[in-house]
Amino acid sequence: MKRIFPVIAAAALLIVSARAQQPISTTQQPSEVSTTISSDQAGAAPRFAVPDFIALSKDAETVDAAQTIGRVLWDDLSFEREFNLIARDVLATIPPATSFADVPFDRYREITVDGIIIGTVQKTELGVRVEVRLFNRARQAVFAREYSGSVANKRLYAHTIADEIHQQQRALRGVARSKLTFNSDRDGERMTGTVENRGVKEIYIADYDGENQRRVTTQRSLNINSTWSPDGRSIAYTSYRRGAPTIFISNIYQGTLDEPTKGAAGQAFLPAWSPDGTRIAFTSTRDGNSEIYVANRDGSNVRRITNSAAIDSTPTWSPTGTQIAFTSDRTGTPQIYIVGADGLGLRQLTHESYADRPSWSPAPYNEVAYTARTGPGNDIKIIELATGQVRQLTFGEGTNESPSFAANGRHLAFMSTRSGKSQIFTIGRDGRDLRQITKTGNNYQPDWSR
Amino acid sequence: MMRMQRTSTTAAMALLILLTVIATACGGKKPPVARPAPPPPASGSSATATRPPAPPEPVAEPVIVPPEPVREDRIASSSLDDLNRNSPLKPAFFEYDSSDLSAEAQRVLTENAVVLKQYPSWTVTIEGHCDERGTAEYNLALGERRAVAARTYLVSLGISADRLRTVSYGKEFPFDPGHDESAYTKNRRAHFVITAK
């Protein structure tokens with residue numbers, strides 16, 4: 001993966017003077033003045049104009065990169081719903097700038113915008129240089145960055161800009177650079193060996209918006225339950241390549257493979273990384289029936305967390321790493337439970353007819369999403385831990401399974417059959433803004449990177 | 001050594017008699033010939049080889065010989081793939097979200113135990129499968145419990161545990177891709193795969 005280095009950051013930030021219409025600013029020193037853009041309508045989201053970036057070089061590649069970066073940035077910013085983005089067809093009525101020096105501010109003022117993001121793309125010997133500035137109503141640049149690198153993954157410039165603008169303007173951790181992993185049968189390959197005519201499933205990754213879908217495993221086997229390490233550099237998953245299911249860790253940027261459950265008795269599946277990435281929780285049958293275990297990432301220091309003749313499965317960590325939520329059918333039906341990572345303090349969380357696949361939201365939200373039986377199929381629900389209040393995100397369109405929170409807790413990925421085959425979707429934690437991520441083959445069990 | 005040899009000879013004879021009975025019982029196509037006297041008590045392997053030439057009763061011979069060795073050969077000489085395609089080991093089926101063995105499942109497993117005793121060199125993998133209504137995650141554990149239930153029952157019938165591996169496929173490999181009860185019924189199963197013979 002290419003990395004983009006912010007070349008200029010704070011140095012390029014202009015310190016703006018206090019404005020009269022912001023009374024609180026009058027007592028502040030200039031260096032403390034906020035660069036945050038707000039709407040002049042109290043409570044409304046600021047209106048942002050994000051036109052295509054300006055191609056300073058006229059070759060086709062640069063022209064294409066400039067257009068792509070502007071449009072992806074528009075999509076990335078709209079995803080978090082912090083800004084009210086001016087529709088592209090409205091933007092198209094405003095003549096494009098040719099540099100930072102000739103931005104048509106008056107025209108933008110006609111459509112009442114609070115912020116304008118202008119960017120340029122210039123071809124260089126090594127690739128491209130991308131400059132971006134965010135102007136406020138006073139035409140001052142309150143955010144300015146410059147990046148240079150390869151033009152190959154032009155979308156990554158937009159994702160980076162979006163995440164940095166969300167951070168600077170809203171103290172919000174954007175997820176534009178995050179990724180999804182899931183398993184898919186899209187290549188239609190069949191397993192070899194004694195049992196014929198069974199399709200393989202391989203692990204894939206994709207950008208959060210479904211772009212750049214890539215295959216990770218090539219074993220012609222059943223590979224499922226993929227999940228990102230917290231640093232986004234490894235994927236743990238369950239593979240049947242040794243016959244029975246065991247856990248593998250693919251270090252995707254090094255091309256190396258670890259096998260933490262190698263040599264252990266029984267089957268192991270459904271790995272879950274601890275928030276610090278040093279341990280994995282997983283389900284194993286090594287002692288005779290399905291129990292939750294925690295081991296170091298390399299498989300050492302295995303400890304058993306549950307002890308029940310019932311099924312205990314599908315662990316997920318709390319954001320602090322002190323608790324584990326999991327599924328157990330110890331009361332007769334599968335329900336979600338929470339237990340300390342030391343195995344103490346068990347309590348039942350759900351009282352559904354059937355519940356599975358807990359996914360614990362990151363801060364600042366304190367909730368657990370899960371799959372619940374709601375009729376002939378399943379739906380995604382979320383339980384707020386403080387109040388026990390349950391809300392439903394999907395409503396019987398196909399079956400819906402395997403929720404996974406985005407790193408900022410504001411979105412979830414899940415599998416749904418609502419469009420026919422099994423596909424990956426994302427949705428806001430409020431149930432709005434459903435987006436289909438995969439369209440080829442059947443796709444299952446998404447996990448959203450931290 | 002001696003005992004083993006005798007045991008296998010006895011087993012072979014018992015098998016021959018059993019197969020004869022079966023052949024007679026289910027031989028719809030066979031002419032209603034009076035059951036011939038069994039060939040001279042087989043003294044080991046030479047029995048089949050030396051039998052054909054100049055039998056005193058030509059009518060009797062073909063009745064016994066053709067069906068039996070063919071049947072025996074099919075299983076003994078089939079590749080594992082062929083064997084599993086038309087397996088003598090039948091699947092045991094389960095109720096929704098259950099790993100309890102019904103009377104019918106126990107009957108099937110008892111028959112499988114007979115076959116496994118007949119071919120003591122076989123090792124098998126018992127696969128646990130689930131229907132699509134449960135979640136992909138939970139079904140991994142449920143499928144495992146089904147496979148283990150079948151395995152435990154076979155062990156109780158005297159099959160050595162180390163011949164029986166279990167693996168759960170959850171709902172990953174449905175036998176019937178349909179989305180109705182008839183498909184679900186087929187997909188909730190402990191499925192037997194012969195892995196060595």
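Heavy-atom basis, side chains included; hydrogens, waters and symmetry copies ignored. Just so we're clear, the structure is a prediction, and the values are computed from it rather than from any experiment. A note on names: the letters A, B, ... follow the listed sequences, proteins ahead of strands, and every chain is numbered from 1.
Here B/D131 pairs with B/R133, B/R188 under the salt bridge (Lys or Arg N to Asp or Glu O under 4.0 Å) rule; sequence neighbours left out. Qualifying side-chain contact (heavy atoms from CB on, under 4.5 Å) partners for B/A196, counting only residues two or more places apart in sequence or in other chains: B/T123. Among residues two or more places apart in sequence or in another chain, the side-chain contact (heavy atoms from CB on, under 4.5 Å) test is passed with B/L157 by B/T110, B/A113, B/Y153.
Contacts between A/N378 and chain B at a heavy-atom distance below 4.5 Å involve the side chain alone, from C-beta outward. For chain B, no part of A/D185 is nearby; none of its heavy atoms comes within less than 4.5 Å. Heavy atoms closer than 4.5 Å to chain B are found in the side chain of A/T285, but not in its backbone. Neither the backbone nor the side chain of A/Y444 comes within contact range of chain B; no heavy atom of the residue lies under 4.5 Å from a heavy atom of that chain.
Looking at A/T371 and B/Y138, their side chains never come closer than 4.5 Å, going by heavy atoms from C-beta outward. Side-chain contact between B/E144 and A/T283 is absent, with no heavy atoms from C-beta onward closer than 4.5 Å. Inter-residue side-chain proximity for B/L142 and A/P334 is flagged as unmet; no heavy-atom pair is nearer than 4.5 Å.
At least one donor-acceptor pair under 3.5 Å links the side chain of A/Y354 to the backbone N or O of B/T135.
Salt bridge annotation for A/R373-B/D97: absent, with no cationic side-chain nitrogen under 4.0 angstrom from a carboxylate oxygen.
Side chains of B/E137 and A/S402: a donor-acceptor N/O pair is present below 3.5 angstrom, by distance only.
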CA sep, side-chain torsions, deciding dist, call: A/T238, B/L140, side-chain contact (heavy atoms from CB on, under 4.5 Å): CA-CA 11 Å; A/T238 303; B/L140 289 174; 5.6 Å; no

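Interface with chain A: from residues 163-176 of chain B, residues B/R165, B/T166, B/V167, B/S168, B/Y169, B/K171, B/E172, B/F173, B/F175 qualify, criterion being any non-hydrogen pair under 4.5 Å.
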